[in-house]
Structure formats: structure tokens, C-alpha cells
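Reading through the C-alpha cells given below for one structure.
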Amino acid sequence: MRELVVLGTASQVPTCYRNHNGYLLRWDGEGVLFDPGEGTQRQMVLAGVAAGAVNRLCLTHFHGDHCLGVPGVIQRASLDRVSHPITAHFPVSGQQYFDRLRHASVFYDAADVRAEPVQTDGPVAAGAFGVLEARALDHSIDVFGYRLVEPDGRRFVPELLSRFGISGPQVGELERAGRITVADRVIELAEVTEVRRGQRFAFVMDTRLCDAVYELADGADMLVIEATFLQQDEDLAQRYGHLTARQAAGVAAACGVRTLVLTHFSQRYLDAVDRYRQEAAEAFSGDIVVAEDLMRIPVPARR
Ligand SMILES: [Zn+2]
């Protein structure tokens with residue numbers, strides 16, 4: 001199962017309808033919690049997500065709307081006796097803020113939190129899920145965006161298997177050995193399989209347009225990206241280090257993104273959901289989701 005559980009969508013301050021940021025990516029057995037702002041623990045309750053669903057924490061930066069939920073989430077994991085480790089990634093320059101959030105109040109500390117701060121661009125973790133990479137973005141303080149890249153694999157094509165008369169246990173043998181002999185002919189794995197493209201997920205917060213935004217979004221099946229402003233306030237976006245909905249959609253179009261998830265909205269546009277969508281649709285023809293709290297958005301099925 002691969003889906004995004006949206007826990008919050010507000011930048012800077014929560015509103016009556018939007019909690020601070022918070023996004024749980026469920027990616028097979030992996031649960032990656034991105035940027036838990038204030039109130040994330042409660043949003044997880046409302047979304048029906050247990051603390052035990054989180055085994056990785058990715059913080060883009062240490063402005064409050066992206067990290068004030070860390071104490072609640074960690075203390076809840078401790079209270080619930082979550083037994084697996086929780087690996088935390090964040091910009092290394094914010095280590096002092098992470099340490100404070102990690103130990104923000106008195107509690108019976110049973111959580112196994114392993115800090116692995118991000119030092120520089122590149123891979124930060126690898127596992128069955130693929131490779132988690134970070135890229136520095138362009139904001140008023142250090143920000144890292146993330147992407148999850150599943151390596152390409154191969155899948156069997158049933159018509160080709162039957163054309164070569166391969167069936168039953170022979171398929172497993174071919175998969176293990178890379179080749180098989182059938183009726184005196186050696187058949188290579190590549191002859192009966194096709195490339196199964198790995199899926200990609202990208203997470204881009206609090207940044208002006210820069211090369212790293214495009215590198216993160218490149219070929220993403222799902223791109224979650226901040227659209228703090230509408231294009232009418234492009235000057236403010238530039239000044240404060242943010243994106244507009246049109247800029248975010250332009251990135252999605254340039255990078256071949258499939259599902260574009262806009263979020264991190266300024267409270268200045270209270271009823272602007274339609275305008276975000278319209279503006280994005282002018283630049284991007286793929287799937288556009290203007291995120292709402294507690295939405296569940298499936299990662300699009302493999303092509
Ligand atoms: Zn923010």
C-alpha cells in the first residue's frame with residue numbers, strides 16, 4: 001500500500017479548517033512522517049493513524065509549522081511502547097532545535113529515536129523502500145527537500161513466457177538464475193521481462209524556485225509541494241522564500257509529475273481552493289490535488 005495521509009496543510013498558523021503541516025507517507029512497510037507541525041498527534045488520531053505507523057521522521061527545516069509536532073509524536077510513540085526504532089532526518093544546522101524538541105518535556109522516555117541529520121545533498125537512507133535522498137532548497141534558513149526513489153525492476157510478460165513455453169516452477173528458476181534452458185534453447189531473463197519502473201515520491205517545502213526543486217520533482221509519481229501563495233503575490237513569495245501555485249504547477253509540468261499535491265497554504269486566502277486549482281491547471285495537465293486535512297491520496301498505480 002502506498003498512500004499519503006494528509007494531516008495538516010496550513011503554513012505559519014493553523015486555521016479553523018487547516019492544521020499546521022503534517023504528512024504521513026505509507027510506502028509498503030515504511031511510514032515516513034514529514035514535517036509534523038503543531039497538533040500532529042491529534043490529527044493522527046483523527047486520521048486513524050497509530051503512532052506505531054511511523055518509523056521515519058523527515059523534517060525539511062525548523063520553522064514551527066514544520067516541527068512543533070515532534071514532541072507530541074515522540075512522546076506518544078513512547079507512551080504506546082512503539083518497539084521499532086524511529087529514524088529522524090533534519091538539517092544538521094538545526095541539531096539544537098531537534099534536541100530540544102526531542103526532550104521538550106518530562107515523560108517516561110522509551111522511544112528509540114535515532115537522529116541521522118542531513119549534512120549535504122545526496123542519499124540519506126536506503127532500504128527495501130528504495131533510496132531516500134535530500135537536496136538543499138532556497139529559503140531564509142537551511143531547508144532540505146526529500147525524495148524517495150524506488151529502483152527500477154523487471155516484471156514477467158505472460159505472453160512472452162508462453163511464447164517460449166516457460167511455465168510453473170521454471171519461472172522461479174529463471175528469476176533466480178537469470179536464464180533457463182527450454183527445448184535446447186537458452187532464454188535470458190531480459191527476453192521475457194520488461195522494465196518495471198520504480199516509483200518516486202518527492203516532498204518540497206518552503207523554497208523559492210531553484211535547481212534542487214526540479215531535481216527532487218524529476219519523474220515523480222507524486223509531488224507534494226508548497227504553494228504558499230497565489231501568483232498575484234509572486235513578489236511576496238520571492239521575498240519570503242516561497243512558491244506560488246503556478247510556479248509549483250510549472251515544476252510539475254517540467255518534471256513529468258503524475259499527481260501534484262499542493263499544500264502549505266497561507267491563511268490570507270481563506271476560500272481560495274478553486275483559485276489554487278485553476279492557477280495550477282493553467283500550467284499542468286496531470287492530476288491536481290489541492291490538499292485538505294485528513295485526505296488520503298493514493299500514489300498513482302504503476303504505469
Ligand atoms: Zn512553512
Side-chain angles (χ1 to χ4, degrees), residues 4-25 32-43 57-73 88-94 96-98 100-101 118 134-147 202-210 212-213 216-217 223-231 233-249 251 260-270 272-273 276 280 289-295:
L4 184 77
V5 182
V6 179
L7 299 166
T9 53
S11 70
Q12 201 170 43
V13 294
T15 70
C16 291
Y17 305 102
R18 297 186 185 277
N19 198 75
H20 263 173
N21 293 290
Y23 312 86
L24 178 70
L25 176 67
V32 187
L33 181 60
F34 290 94
D35 282 3
E38 187 180 346
T40 296
Q41 180 183 184
R42 177 110 197 288
Q43 293 297 98
L57 204 50
C58 287
L59 309 184
T60 58
H61 65 298
F62 285 96
H63 280 147
D65 53 326
H66 300 261
C67 68
L68 285 175
V70 168
V73 171
H89 306 291
F90 50 84
V92 68
S93 61
Q96 60 171 320
Y97 302 108
F98 183 79
R100 285 182 206 152
L101 292 163
V118 180
R135 289 271 186 293
L137 295 168
D138 179 15
H139 191 48
S140 54
I141 60 170
D142 283 355
V143 177
F144 279 101
Y146 296 91
R147 70 173 186 161
F203 188 78
V204 174
M205 286 292 134
D206 294 41
T207 185
R208 298 178 185 88
L209 279 182
C210 60
V213 174
L216 290 164
L223 167 65
V224 179
I225 187 167
E226 69 123 314
T228 311
F229 292 100
L230 290 168
Q231 195 64 21
D233 293 314
E234 189 184 4
D235 56 329
L236 293 180
Q238 179 64 25
R239 190 181 320 157
Y240 295 118
H242 286 294
L243 298 172
T244 68
R246 186 173 304 161
Q247 288 172 334
V251 170
L260 168 66
V261 180
L262 300 177
T263 185
H264 190 272
F265 304 115
S266 165
Q267 77 268 21
R268 76 185 55 227
Y269 317 109
L270 271 181
V273 170
Y276 276 107
V289 180
V290 180
E292 300 281 340
D293 289 19
L294 307 181
M295 265 183 175

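Each ligand, and each atom within it, is numbered from 1 in the order the structure gives.
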Q: Can you establish whether the number of heavy atoms outside Arg42 located under 6.0 Å from its atom CZ is more than 12?
A: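 No - once you tally the heavy atoms of other residues, nucleotides and ligands closer than 6.0 Å, there are 12 at most.
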Q | Residues, nucleotides or ligands: over 12 heavy atoms within 6.0 Å of Tyr269 OH | A |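 It does: Tyr269 OH has more than 12 such atoms within range.
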Q | Test of ring centre spacing under 6.0 Å for His242 and His139 | A |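 Yes.
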Q | Residue and atom, protein N/O/S, under 2.8 Å of the Zn ion (ligand 1) | A |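 Metal shell, protein only: Asp65 OD2, His66 NE2, Asp206 OD2, His264 NE2.
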Q) Is it true that the side chains of Thr263 and Tyr23 contain a donor and an acceptor less than 3.5 Å apart? A)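 The criterion, which ignores hydrogens and geometry beyond distance, is satisfied for Tyr23 and Thr263.
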Q: Apply the side chain to side chain contact (heavy atoms under 4.5 Å, CB included) test between Leu7 and each candidate in Leu33, Asp293, Asn19; give the one that qualifies.
A: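 Only one of Leu33, Asp293, Asn19 forms a side chain to side chain contact (heavy atoms under 4.5 Å, CB included) with Leu7, namely Leu33.
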Q: Kindly state each residue pair satisfying salt bridge (Lys or Arg N to Asp or Glu O under 4.0 Å) with at least one member in residues 5-20, sequence neighbours excluded.
A: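 Listed by first then second residue: Arg18-Glu292.
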